[in-house]
There are 2 protein chains.
Amino acid sequence: MKFCSNCGESVVLRIPEGDNRERFVCDNCHTIHYQNPNIVAGCIPEWEGRILLCKRAIEPRYGLWTLPAGFMENGETTEQAAMRETHEEAGANVEITSLYGLFSIPHISQVYMLYHGFLVNGAYEAGCESLECRLFNEQDIPWDKLAFPVVRETLQRFFADRKHGKDLPLQRGEIIKHPKRES
Amino acid sequence: MKFCSNCGESVVLRIPEGDNRERFVCDNCHTIHYQNPNIVAGCIPEWEGRILLCKRAIEPRYGLWTLPAGFMENGETTEQAAMRETHEEAGANVEITSLYGLFSIPHISQVYMLYHGFLVNGAYEAGCESLECRLFNEQDIPWDKLAFPVVRETLQRFFADRKHGKDLPLQRGEIIKHPKRES
């Protein structure tokens with residue numbers, strides 16, 4: 001951020017009075033510009049024991065596999081965001097059963113919220129951000145071609161929990177920065 | 001938003017190519033400015049069966065009672081944000097037990113994440129954003145002087161769930177706009 005989005009003058013980075021963190025501040029119109037984490041909402045869509053993954057048609061991680069998920073928009077609930085992203089990326093309607101994964105990724109200021117749900121009628125098709133969508137059994141998950149560490153972490157915990165056969169617990173965690181990757 | 005925070009030129013509101021929502025777009029440097037919901041993280045701090053509430057020393061809702069909570073900051077986890085806010089507003093350290101309340105408030109684009117936890121040693125004191133902090137039994141909760149609908153909803157569900165005596169379930173919900181209030 002270089003300029004004030006309210007008045008167009010230059011902003012400076014400093015700790016405002018009464019605060020304890022640096023913010024971009026406008027000395028012309030006195031607006032303080034707060035920057036906060038974003039929510040990435042998505043689903044673990046299940047159908048007949050298999051999980052639906054999407055092969056990314058966009059950067060970052062073009063060609064790698066992920067769960068359908070994306071940035072939550074203003075004016076929606078977290079559940080609506082998760083269902084919308086699943087429909088946009090995988091052409092699938094899901095009936096949400098529970099919140100399964102809640103992962104903070106502090107080094108990129110994102111919070112992932114991944115809901116478990118069942119596909120409606122088993123229908124899906126690749127959306128414009130996906131090269132392909134496919135249902136995978138646990139043993140066929142492309143572990144070495146997953147797009148993001150949070151997807152790997154979620155799927156590993158999910159399959160382990162599902163073996164217990166009870167209600168899925170909420171899994172919380174933090175994704176630490178990998179030394180050689182951005183997220 | 002009126003000006004581009006990257007180059008200082010005026011922005012326009014329109015749907016970018018490949019998108020389906022209006023965004024503030026800069027035709028000079030071609031930056032698209034996304035605006036997304038904020039997370040409000042906080043705690044339901046418990047001590048010897050009582051719940052710690054804070055009487056607000058700031059607007060909005062000056063003088064009304066709330067759970068300690070506030071905007072999550074970049075670079076922290078949701079749990080860290082909840083504990084930080086509880087320390088800032090109520091001078092209290094909490095040991096988090098579980099995520100209890102997850103509430104979307106779409107009309108103000110906020111997502112509340114309220115963790116249940118126990119006070120460490122029962123210690124607390126009003127922070128600079130609180131006029132007073134106090135532990136309340138269920139029957140003493142100032143129901144007609146609560147600051148926000150999400151606080152009421154959380155406390156009502158919490159006391160009902162706690163009567164069952166088992167592990168607290170995750171409560172999810174949506175807070176609808178009250179016709180006469182902003183949130």
Review point. Are Val40(A) and Ile58(A) connected, step by step, through hydrophobic side chains (Ile, Leu, Val, Met, Phe, Trp, Tyr) whose heavy atoms are closer than 4.5 Å?
Key: no

Exercise for review: Over all heavy atoms of both residues, which pair between Ser109(A) and Gly75(B) is shortest? Give the atoms and the distance, please.
Suggested key: OG-N, 3.1 Å

**Study point:** Glu95(A) atom CD: more than 12 heavy-atom contacts under 6.0 Å
**Key:** no

Practice item. Treat each ILVMFWY residue as a node, draw an edge where side-chain heavy atoms are under 4.5 Å apart, and state whether Phe136(B) and Val151(B) are in one component. Key: yes

Point to revise | Top of Gln35(B), Arg21(B), Glu9(B) for chain A proximity - count of heavy-atom pairs under 4.5 angstrom | key: Arg21(B)

Practice item. Please flag which part of Glu174(A) lies under 4.5 Å from any non-hydrogen atom of chain B: side chain, backbone, both or neither. Key: side chain

**Study point:** Contacting region of Ile96(A) [heavy-atom separation from chain B under 4.5 Å]
**Key:** side chain

Check your understanding: Is it the side chain or the backbone of Glu88(A) that comes within 4.5 Å of chain B heavy atoms, both, or neither?
Key -> side chain

Exercise for review: Measure across Asn36(B) and Asn74(A) and return the closest heavy-atom pair with its distance rounded to 0.1 Å.
Suggested key: C-OD1, 3.0 Å

Review point. Counting only heavy atoms not in Glu59(A), do more than 12 fall under 6.0 Å of its CD?
Key: yes

Exercise for review: Determine, using the 4.5 Å side-chain heavy-atom cutoff (strictly less than), whether Met83(B) and Leu52(B) are members of one ILVMFWY cluster.
Suggested key: yes

Check your understanding: Hey, does Thr78(A) have a side-chain heavy atom less than 4.5 Å from the side chain of Arg172(B)?
Key -> no

Review point. Out of curiosity, Met72(B) CE to Ser104(A) OG, how far, rounded to the nearest 0.5 Å?
Key: 4.5 Å

Point to revise | Toward chain B, the part of Leu102(A) with a non-hydrogen atom under 4.5 Å | key: side chain

Revision key, fill the gap. Shortest non-hydrogen pair, Ser5(B) vs Met1(A), comes out as CB-CE, 3.5 Å

Review point. In terms of hydrophobic clusters joined by side-chain contacts under 4.5 Å, are Val94(A) and Leu135(A) together?
Key: yes

Exercise for review: Verify the neighbour count for atom CG of Asp144(A): are there more than 12 heavy atoms of other residues, nucleotides or ligands below 6.0 Å?
Suggested key: yes

Exercise for review: Look up atom CG in Asn38(B) and atom CD1 in Ile39(A), then write down how far apart they are to the nearest 0.5 Å.
Suggested key: 8.5 Å

Review point. Do the side chains of Leu131(B) and Trp65(B) join up, straight or via other hydrophobic residues, at under 4.5 Å, putting them in one cluster?
Key: no

Practice item. Name the region of Glu79(A), side chain, backbone, both or neither, that has any atom closer than 4.5 Å to a heavy atom of chain B. Key: side chain

